[in-house]
> 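The structure that follows is given in the form of structure tokens.
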Amino acid sequence: MPRDKFPWELHNFFKKGSRVVVLTGAGVSAESGMPTFRGEDGLWRNYRAEELATPEAFTRDPKLVWEWYDMRRKIIHGCKPNPGHETIVKMEVYFEDFQLITQNVDGLHRRAGSKNVIELHGNLWRVRCVEEGKIFDFMEVPLKAVPPLCDCGSLIRPDVVWFGEAMPIEPLEAAFTAAEGCDVMVVVGTSGIVQPAALIPILAKQNGAYLVEVNLEPTPFTGLADCSVLGKAGEVLPELWNLIKDQ
Ligand code: APR
């Protein structure tokens, strides 16, 4: 077991009764085959996510935006949760007080079996009618028509938070409350540059939590973390789990 990767004091914080929060980003799904947003493979037809995931882009060209989502939905449909997602499910079962917060819209945490999930940025398997505002699951993949329409004939859009849009207040408040009250936070596979999600580890740390980070590379959280492990989520999280469950 690679104990040298993790500081000796780690076991003091991961007690069964500890309040544990895990915050994930696109990196946790990378090993499932889902490209991250800002990685080298994060470009699509020379567009960046920031140019497509906006209300302005949708108003200008709903077909283009839906083609991008159709591509992403097809990739996710063919993906399976990886050992990173699976380890987070084991943590939820083990700890008496556990909360998962994700920025991911791919739904892979729920597919892996996570139940207590705050999806900060929504879920791309849900859509919203732009006229009536009604929200419903929409699993069609690949899309039969692009852009897809609601029964009322209006456009539907993915029920996700786009750049320039306010995040729904309820999940955000729940995430902040969990961060303020936790003993340990594990931050996995996020570049930590998108607000307000990037505040979550800072809030946890300010309120005395022990902060663990798992990422392929250093991020703005690395200097703040009590334990920073450079590596793949699908490898490091199972190693961390082995330390936790063996104590
Ligand atoms: N294991 C761990 N970390 C990884 C792995 C991996 N296998 N692969 C990539 N990473 C890390 C990268 O080093 C990077 O820090 O995951 C991070 C992915 O960063 P982003 O692509 O910026 O994704 P994320 O932080 O989730 O983006 C936040 O931005 O575009 C919006 O709404 C979108 O929710 C998203 C938000």
Side-chain angles (χ1 to χ4, degrees), residues 5-6 22-44 47-58 65 68-69 71-73 75-76 79-88 100-110 112 117-126 157-168 171-172 175 185-202 211-225 227-241:
K5 232 184 233 180
F6 302 97
V22 174
L23 170 69
T24 64
V28 79
S29 294
E31 289 153 79
S32 291
M34 192 61 208
T36 59
F37 291 96
R38 295 177 181 79
E40 280 171 16
D41 49 2
L43 289 176
W44 179 71
Y47 293 99
R48 295 183 175 279
E50 291 89 337
E51 294 168 40
L52 293 160
T54 69
E56 293 77 22
F58 189 69
V65 173
W68 184 57
Y69 277 99
M71 179 274 297
R72 291 178 61 201
R73 285 161 57 110
I75 295 174
I76 298 163
C79 285
K80 285 203 304 269
N82 66 58
H85 298 106
E86 285 156 10
T87 303
I88 294 169
L100 171 60
I101 305 169
T102 187
Q103 298 165 83
N104 299 346
V105 296
D106 57 27
L108 284 174
H109 282 301
R110 287 189 199 279
V117 193
I118 298 172
E119 291 177 320
L120 282 178
H121 295 163
N123 187 311
L124 52 60
W125 299 105
R126 268 196 328 257
R157 56 161 282 181
D159 188 30
V160 299
V161 180
W162 282 334
F163 289 96
E165 290 185 320
M167 208 177 275
L172 190 60
M185 179 174 284
V186 186
V187 183
V188 187
T190 176
S191 55
I193 55 172
V194 172
Q195 294 292 358
L199 287 174
I200 292 170
I202 296 168
L211 197 61
V212 180
E213 183 183 47
V214 179
N215 200 305
L216 284 182
E217 57 192 24
T219 74
F221 304 131
T222 308
L224 202 66
C227 163
S228 167
V229 183
L230 294 184
K232 291 183 175 178
E235 294 170 6
V236 177
L237 287 178
E239 289 169 1
L240 176 65
W241 168 245

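Atom set for the values below is all heavy atoms of this structure, side chains included, hydrogens, waters and symmetry mates excluded. Whatever order the structure lists them in is the order used to number ligands and atoms, beginning at 1.
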> May I ask you to list the atoms of ligand 1 that are less than 4.0 angstrom from any heavy atom of Ala30?
8 (N)
> Could you tell me the residue and atom name of the protein heavy atom closest to atom 25 (O) of ligand 1, and the distance to it rounded to 0.1 Å?
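Checked against all protein heavy atoms, atom 25 (O) of ligand 1 sits closest to Thr190 OG1, 2.7 Å.
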> With heavy-atom distances below 4.5 Å as the criterion, would you say the side chains of Thr190 and Phe37 are in contact?
no
> Can you sort out which atoms of ligand 1 are near Gly25, meaning under 4.0 Å from one of its heavy atoms?
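The atoms of ligand 1 under 4.0 Å from a heavy atom of Gly25 are 26 (O).
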> Is the closest basic N to carboxylate O distance between Lys5 and Glu239 below 4.0 Å?
yes
> Would you check if Lys232 and Leu216 make a side-chain contact, meaning some heavy-atom pair closer than 4.5 Å?
yes
> With a cutoff of 4.0 Å, is Gly231 in contact with ligand 1, counting heavy atoms of the residue only?
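Right, Gly231 reaches ligand 1.
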> Nearest protein heavy-atom contact for atom 31 (C) of ligand 1: which residue, which atom, what distance?
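For this ligand atom, the closest protein heavy atom is Phe163 CZ, 3.6 Å.
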> Which option wins on minimum heavy-atom distance to atom 7 (N) of ligand 1: Lys232, Glu235, Glu31?
Glu31
> Could you tell me whether a side-chain N or O of Glu165 sits under 3.5 Å from a main-chain N or O of Pro55, the two making a donor and an acceptor?
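No; judged by distance alone, with no hydrogens or angles, the pair does not exist.
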> Within the distance-only criterion (no hydrogens, no angle test), does the side chain of Asp159 pair as donor or acceptor with the backbone N or O of Asn123 below 3.5 angstrom?
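No: the side chain of Asp159 does not pair with the backbone of Asn123.
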> At less than 4.0 angstrom from any non-hydrogen atom of Glu217, what atoms of ligand 1 do you find?
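Counting atoms of ligand 1 from 1, those under 4.0 Å from Glu217 are 13 (O).
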> Mind checking whether Asn104 has an N or O less than 3.5 Å away from an N or O of ligand 1?
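Asn104 vs ligand 1: no N/O contact under 3.5 Å.
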> Do Leu237 and Trp241 make a side-chain contact, defined as non-hydrogen atoms from C-beta onward lying under 4.5 Å apart?
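The answer is no, as the side chains (C-beta and beyond) never meet within the 4.5 Å cut-off.
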> Under 6.0 Å between ring centres: does that hold for Tyr47 and Trp68?
no
> For Gln103, which part has a heavy atom under 4.0 Å from ligand 1: side chain, backbone, both, or neither?
both
> Could you tell me the residue and atom name of the protein heavy atom closest to atom 12 (C) of ligand 1, and the distance to it rounded to 0.1 Å?
Asn215 OD1, 3.4 Å
> Among all protein heavy atoms, pick out the one at the shortest distance from atom 35 (C) of ligand 1; state its residue, atom name and that distance to 0.1 Å.
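Of the protein heavy atoms, Phe37 CE1, 3.6 Å lies nearest.
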> Test the Arg157-Trp162 pair against the cation-pi criterion, namely NZ or CZ under 6.0 angstrom from the six-membered ring centroid and within 45° of the ring axis.
yes
> Tell me: protein heavy atom nearest atom 34 (O) of ligand 1, and distance?
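Ranking protein heavy atoms by distance from atom 34 (O) of ligand 1, first comes His121 ND1, 2.8 Å.
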> What protein heavy atom sits nearest atom 1 (N) of ligand 1, and how far away is it?
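Checking every protein heavy atom, the shortest distance to atom 1 (N) of ligand 1 gives Ala233 N, 2.9 Å.
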> Has Asn82 got a side-chain atom pairing as donor or acceptor with Gly84's backbone, closer than 3.5 angstrom?
yes
> Return the residue, atom name and 0.1 Å-rounded distance of the protein heavy atom closest to atom 26 (O) of ligand 1.
Ala26 N, 2.8 Å
> Distance-only, no hydrogens or angles: does the Thr219 side chain make a donor-acceptor pair with backbone N or O of Ser191 under 3.5 Å?
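Pair absent, no side-chain N/O of Thr219 close to backbone of Ser191.
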> What's the shortest distance from atom 27 (O) of ligand 1 to any protein heavy atom, and which residue and atom give it?
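Protein heavy atom at minimum distance: Arg38 NH1, 3.1 Å.
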> Which is closest to atom 18 (C) of ligand 1 in terms of heavy atoms, Gly189, Gly192, Ala197?
Gly189
